[in-house]
Amino acid sequence: GAVVSQHPSWVICKSGTSVKIECRSLDFQATTMFWYRQFPKQSLMLMATSNEGSKATYEQGVEKDKFLINHASLTLSTLTVTSAHPEDSSFYICSAREGGALETQYFGPGTRLLVL
Amino acid sequence: AQSVTQLDSQVPVFEEAPVELRCNYSSSVSVYLFWYVQYPNQGLQLLLKYLSGSTLVKGINGFEAEFNKSQTSFHLRKPSVHISDTAEYFCAVSEGYSTLTFGKGTMLLVSP
């Protein structure tokens with residue numbers, strides 16, 4: 001089946017630094033990638049949707065200057081948390097979809113970010 | 001706007017017993033419905049999905065779900081659970097070409 005990887009699986013950083021998380025579709029071309037955030041014991045909240053080669057579409061309340069998303073190729077999207085603060089600590093999950101909206105989203109294993 | 005309600009935050013059950021995880025949705029248009037499973041410290045894995053056709057959908061690991069339009073429900077069932085089914089289960093809905101909206105999840109706890 002389709003596989004989506006994320007790197008790193010976990011990261012600890014100091015407050016004020018930036019962290020980049022990579023999301024890769026390993027065996028298919030992802031025309032659309034999604035970034036979610038999951039707080040403990042809560043559901044996934046969609047942060048943004050990105051299509052290859054175009055700017056990401058952010059959900060209401062998500063700061064685009066804080067969470068920079070780049071989808072430069074059909075197999076790679078990156079999320080950069082800029083000037084991270086402790087409240088940004090969370091579980092970040094990406095997903096990728098090969099075709100249209102009826103196609104399945106395949107999820108990565110997630111990246112746990114802890115900001116000290 | 002679409003929304004998903006999973007009424008049970010936790011469902012404890014003994015091994016080999018049947019289980020039903022409830023999911024209700026609200027939407028003003030036709031929807032597509034999904035169940036995902038999340039094992040500890042892992043990403044989500046698709047269990048099954050309803051796009052159209054038969055209202056009874058069979059998925060992986062012996063799970064099935066039934067779409068009930070009149071009750072706006074998409075409950076997940078398994079006739080006999082295993083210890084390995086212990087995980088968080090998320091119901092999700094998509095309206096047409098929009099994005100997925102997830103419920104808050106139900107933790108299935110299977111005991112021997």
Side-chain angles (χ1 to χ4, degrees), chain A residues 1-11 21-26 28 31-51 56-60 62 90-114, chain B residues 1-11 21-25 27 29-53 57 59-61 67 87-109:
Chain A
V3 178
V4 175
S5 70
Q6 279 185 245
H7 178 80
S9 56
W10 59 270
V11 58
I21 302 170
E22 291 186 348
C23 176
R24 293 181 184 272
S25 57
L26 298 185
F28 67 99
T31 51
T32 307
M33 286 185 167
F34 305 85
W35 286 96
Y36 295 84
R37 186 172 178 176
Q38 185 181 28
F39 291 101
K41 300 188 184 300
Q42 293 191 30
S43 186
L44 281 74
M45 300 299 296
L46 180 66
M47 298 174 66
T49 303
S50 74
N51 292 295
T57 301
Y58 289 81
E59 295 298 301
Q60 191 173 6
V62 178
S90 191
F91 195 48
Y92 292 89
I93 301 174
C94 76
S95 71
R97 189 176 69 199
E98 184 171 17
L102 297 186
E103 298 297 320
T104 298
Q105 284 187 37
Y106 295 97
F107 286 79
T111 296
R112 191 164 300 282
L113 170 63
L114 178 61
Chain B
Q2 59 198 32
S3 67
V4 179
T5 301
Q6 292 182 248
L7 289 172
D8 305 305
S9 58
Q10 278 191 12
V11 173
L21 306 183
R22 295 181 292 170
C23 172
N24 289 88
Y25 68 92
S27 171
V29 298
S30 296
V31 296
Y32 307 112
L33 295 155
F34 307 79
W35 275 100
Y36 285 85
V37 59
Q38 184 179 32
Y39 297 102
N41 298 314
Q42 293 187 29
L44 275 68
Q45 180 181 0
L46 180 67
L47 273 178
L48 47 80
K49 61 182 176 182
Y50 170 80
L51 302 181
S52 65
V57 181
I60 62 171
N61 301 341
F67 170 56
E88 189 92 30
Y89 291 79
F90 291 96
C91 181
V93 63
S94 172
E95 287 180 343
Y97 292 94
S98 71
T99 53
L100 285 173
T101 297
F102 287 86
K104 291 188 175 181
T106 297
M107 184 67 196
L108 175 63
L109 299 166

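Lettering follows sequence order; numbering is per chain, from 1.
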J.: By a 4.5 Å heavy-atom criterion (distance strictly below it), what part of B/Q45 contacts chain A: side chain, backbone, both, or neither?
T.: neither
J.: Select one option (side chain, backbone, both, neither) describing which atoms of A/L44 are under 4.5 Å from chain B's heavy atoms.
T.: both
J.: Enter the distance from B/L44:CG to A/Q38:CD here, rounded to the nearest 0.5 Å.
T.: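 Separation between the atoms: 7.0 Å.
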J.: Just so I know, are the side chains of B/Q38 and A/I93 near enough to count as touching, which here means a heavy-atom distance under 4.5 Å?
T.: yes
J.: Which atoms of B/F102 come close to chain A, meaning under 4.5 Å heavy atom to heavy atom: side chain ones, backbone ones, both, or neither?
T.: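 Contact with chain A: backbone and side chain both.
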J.: Should B/Y36 and A/Q105 count as side-chain neighbours, where that means a heavy-atom distance under 4.5 Å?
T.: yes
J.: Rounded to the nearest 0.5 Å, what separates atom OH in A/Y36 from atom CG in B/L100?
T.: 4.5 Å
J.: Looking at residues at least two apart in the chain, or sitting in another chain, which of them share a side chain to side chain contact (heavy atoms under 4.5 Å, CB included) with A/S5?
T.: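 Applying side chain to side chain contact (heavy atoms under 4.5 Å, CB included) to A/S5 gives A/R24, A/L26.
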J.: Near A/M45 CE, under 6.0 Å, is it more than 12 heavy atoms from other residues, nucleotides or ligands?
T.: no
J.: Examine distances only and state if a side-chain atom of A/S43 and a backbone atom of B/G103 form a donor-acceptor pair shorter than 3.5 Å.
T.: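 Judged by distance alone, yes, a pair lies under 3.5 Å.
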